[in-house]
Amino acid sequence: MRAIIITIFLSAITLTCFGQYGKDFRNLGDRAFADKDYYEAAFYYRKVAEGMHLLQNKEVPFQTMNKAPKKDKPSDATYVSYRLAESYRLYENYIEAEGWYKKTVDAPDAATYPLARLWHGVCLRAIQRFDDAITELQQFNAGYDKTDEYKAIANKEIANCTFAKEQYKYPQLLEAIKLKGDWNSDGSDYALLQTGDNFMFTSSRFAKDDKKHINRIYTANAASQFKPQVITIKDNDAKKETEYGTPSLTPDGKRMYLTRWYKEGTKVYHSIYFTQKQDSSWSPLHKLGSNVNADGYNAIQPFITADGKRMFFVSNKPGGFGGDDIWVSDLGDDGEATNAVNLGSTINTDRDEQAPYYNADEKRLIYSSKGFTGLGGFDFFESKGDAGSWSTPVNMGYPMNSAKDDLYFMPDSKDANKWYISSDRESDCCLNLFEVHNKSFILAGIITDCETRKPLAGVKVSFIDSLAKQTLKELTTGTDAKYAFKVTSKRPYNLKLEKTGYFTKILPIPASGQMSNDTLYNAEICLQAFEKDKPIVINNILYDFNKATLRPESKTVLNSLVTIMKDNPKIIVRLGAHTDSIGSVKYNLKLSQARAQSCVDYIISQGITSERIYAKGYGKSMPVAPNSLPNGKDNPAGRQLNRRTEFTVVKTE
């Protein structure tokens, strides 16, 4: 009984006091939101939502007062729902944000918040409900009568959903695994850098006596059993809560470039610094000059090339294309940047680009962007080139990318089939460290002549994406008649084999077979030779006695001719039928014509146009073997050979 009385008493206090504090919570939420502290804003707005009983499945506190508590206006409920959704979205907690946007778009006064449906669609995309996202975004477009950045965002997100659906259906042959042990924490862990057995990365994990998540650079190595240890940064001008991250080393490991940032009021200042290794410690930070750190603008995420002569970095300074852009600087012997060149409009967009990695030997740039079609958030893209000439960036697909943010590519220094990335795909708040394993394989095989079974040189072999109808690579077989192609995804691929004097053959690559190490050995493929106007016999075409009706097994045999005609769309074929000598000339001509036409009708029914094939009955006029023996007796074997069906290529162009 005492417990019940206490519960009733506390419930009464809750109802009485919320009116007093609810407004304060809302004001605190509004203030945090204005300061772009969205995590704190979400905390206060959720307190308001609890007091207004907006949480799903939340019981209403036991009421003891005779007078009902004052009801909130519906508009207040929609405001809190929308602001709570915005706060969750803006710190990228899309799961929580989605439900609150749904409350907003379903509210009677939803029209007050016209962008709620757009952001609801974005959240649905982020939690991989792609079809629902497309529906919501299309509905936003239909009801939004302006042509502005928000309409462009909706269209881009629809494209992202369409792209993502195909990527999840046909993923890349990769496996992304979150690092275990102490690599990841309750904060953010990202930007892993490896040199041999030594690693550096950035983490906002709680260190001793920490009261907030502060980003610092950590090191881990085999000698310490990969237990992360914070690197002490000597900073003669440290502000309150100064943070450090995204390290990059020169080849000798004696100079470290990094990002340093701090907050003053509502503004965050980011700049790039370097420090020199002195015995076992690092020298005080040196800020790079104005080529990199332009006054009033941010510079972040340095990446030093393997020769130590250039630094790729990210900045929103003037001269870019909008948002954060990728830049590159030449470095002097003193470590200073002597210039800064924007990588150009092929690489950069009007949105944000970040986290560059560049392999000069391979001329391979990998970076993250929000500006191209992708799975959502930051996606990895790859481009080839240098010095202002770059190939069109290619999205690196799922699971390299996810519906959330994916950044900071770094190859493993010992294993070419492993690399590291940072992603928040398994978190509501923070980047985690992942290792990615390459599961791609080589498809290899040999091509022979169908008649001689000898290796066939000079065959053009094309490796084709059968969905995009795009030739990815092609080669011509040598004397060993072998071919090999790298298969990098689960998309359906075809092999197309072409050689003059042979029928072209198109085959899907096998899903399984004899695998040795990273090579899948395909079964032997043979090509069939042909000559124009030279008949080729089709074996096992069977009819009932004295009839032209095809038996089911004959249709199966004719399917091979259908395949040949589909793979060789320019050839025109005459299909001929012959009989033995039993019966009159007129009877056999009529029967053979009907039988040839039955074959043609079936082939046309399988999608071959009537202009490409026609029937010709020859009766008993063209025997290939004697119908009778020299002694005048019947020759069943000869008559069997004469009762034949054949096709002849009459035109090849």
Side-chain angles (χ1 to χ4, degrees), residues 191-196 198-201 246-259 272-274 276-277 288-289 291-292 299-315 319-321 324-349 353-369 372 378-396 400 406-422 435-436 438 440 486 488:
L192 189 68
L193 170 67
Q194 181 193 20
T195 53
N198 297 312
F199 294 83
M200 285 184 177
F201 66 99
T246 65
S248 186
L249 296 171
T250 52
D252 60 8
K254 294 183 178 180
R255 183 181 296 145
M256 177 171 61
Y257 291 78
L258 55 95
T259 309
I272 295 175
Y273 291 70
F274 71 76
Q276 298 283 155
K277 191 70 174 286
L288 292 179
N291 285 322
V292 171
I300 58 175
Q301 300 168 347
F303 173 80
I304 307 302
T305 55
D307 60 7
K309 295 181 179 180
R310 288 189 292 173
M311 180 182 74
F312 287 77
F313 68 99
V314 174
S315 178
F321 295 88
D324 291 331
D325 277 15
I326 309 290
W327 298 70
V328 62
S329 292
D330 294 312
L331 298 177
D333 293 338
D334 59 357
E336 274 289 351
T338 61
N339 56 16
V341 179
N342 189 286
L343 264 58
S345 59
T346 299
I347 299 300
N348 293 307
T349 69
E353 281 70 45
Q354 289 193 5
Y357 162 86
Y358 186 67
N359 184 313
D361 293 335
E362 299 175 356
K363 296 188 179 300
R364 183 187 187 205
L365 174 70
I366 295 176
Y367 67 108
S368 297
S369 176
F372 302 99
F378 278 109
D379 270 18
F380 285 108
F381 290 83
E382 181 176 5
S383 176
K384 296 292 185 69
D386 200 353
S389 178
W390 300 97
S391 65
T392 301
V394 176
N395 189 293
M396 297 180 75
M400 182 72 172
D406 305 282
L407 305 103
Y408 303 108
F409 170 90
M410 183 59 61
D412 187 272
S413 62
K414 296 182 178 181
D415 186 348
N417 287 314
K418 184 170 77 172
W419 52 88
Y420 303 96
I421 64 171
S422 306
E435 61 181 19
V436 181
N438 183 6
S440 63
K486 188 173 185 179
T488 60

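In what follows, every heavy atom counts, from backbone to side chain, and hydrogens, waters and symmetry copies are set aside. Throughout, numbering of the chain's residues begins at 1 and tracks the sequence.
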Heavy-atom side-chain proximity of [X] to [Y] below 4.5 angstrom:
X: Phe199; Y: Met410; result: no
X: Thr346; Y: Pro393; result: yes
X: Arg364; Y: Glu382; result: yes

Mind listing the closest non-hydrogen atom pair of [X] and [Y] along with its distance?
X: Gln194; Y: Pro411; result: OE1-O, 3.9 Å
X: Ala191; Y: Ser422; result: N-OG, 3.0 Å
X: Met311; Y: Val292; result: CE-CG2, 3.7 Å
X: Asp415; Y: Asp412; result: N-OD1, 2.9 Å
X: Asn395; Y: Asp379; result: ND2-OD2, 3.0 Å
X: Asn348; Y: Phe321; result: CB-CD1, 3.9 Å

Report the distance from atom [atom1] of [X] to atom [atom2] of [Y], rounding to the nearest 0.5 Å.
X: Ser391; Y: Lys384; atom1: OG; atom2: NZ; answer: 7.0 Å
X: Leu249; Y: Leu193; atom1: CG; atom2: CG; answer: 5.0 Å
X: Thr195; Y: Asp252; atom1: OG1; atom2: CG; answer: 11.0 Å
X: Gln301; Y: Leu258; atom1: CD; atom2: CG; answer: 12.5 Å
X: Leu407; Y: Ser369; atom1: CG; atom2: OG; answer: 10.5 Å
X: Leu192; Y: Tyr408; atom1: CG; atom2: OH; answer: 12.5 Å

Report task. Return the set of residues passing ring pair (Phe, Tyr, Trp, His ring centres under 6.0 Å) with Phe303 (not counting sequence neighbours), or none when no residue passes. Result -> Tyr357
Query - Working for side-chain contact (heavy atoms from CB on, under 4.5 Å), residues Glu336 and Leu288 - result: CA-CA 6 Å; Glu336 274 289 351; Leu288 292 179; 3.8 Å; yes
Requested in this report: Evaluate the side-chain contact (heavy atoms from CB on, under 4.5 Å) criterion for residues Val314 and Asp325: first the C-alpha distance (whole Å), next the side-chain angles of each, then the deciding distance (0.1 Å), finally the verdict.
Outcome: CA-CA 5 Å; Val314 174; Asp325 277 15; over 6 Å; no
Give the ring-plane orientation class for [X] versus [Y], where under 30° counts as parallel, over 60° as perpendicular and anything between as tilted.
X: Phe380; Y: Phe409; answer: perpendicular
X: Phe313; Y: Trp327; answer: parallel
X: Phe372; Y: Phe381; answer: tilted

Using modelled atom types only, decide if a donor and an acceptor are shared between the side chain of [X] and the backbone of [Y] within a distance under 3.5 Å.
X: Ser368; Y: Asp406; answer: yes
X: Asn417; Y: Asn438; answer: no
X: Tyr367; Y: Ser383; answer: no
X: Asn339; Y: Asp330; answer: yes
X: Thr250; Y: Arg255; answer: yes
X: Thr259; Y: Thr246; answer: no
X: Ser248; Y: Ile304; answer: yes

Report task. Please test Tyr358 against Lys363 for side-chain contact (heavy atoms from CB on, under 4.5 Å), starting from the C-alpha separation and ending with a verdict. Result -> CA-CA 7 Å; Tyr358 186 67; Lys363 296 188 179 300; 3.9 Å; yes
**Report entry** Asp333 atom CG, over 12 foreign heavy atoms within 6.0 Å
**Finding:** no
**Report entry** Heavy atoms of other groups near Lys309 NZ, more than 12 under 6.0 Å
**Finding:** no
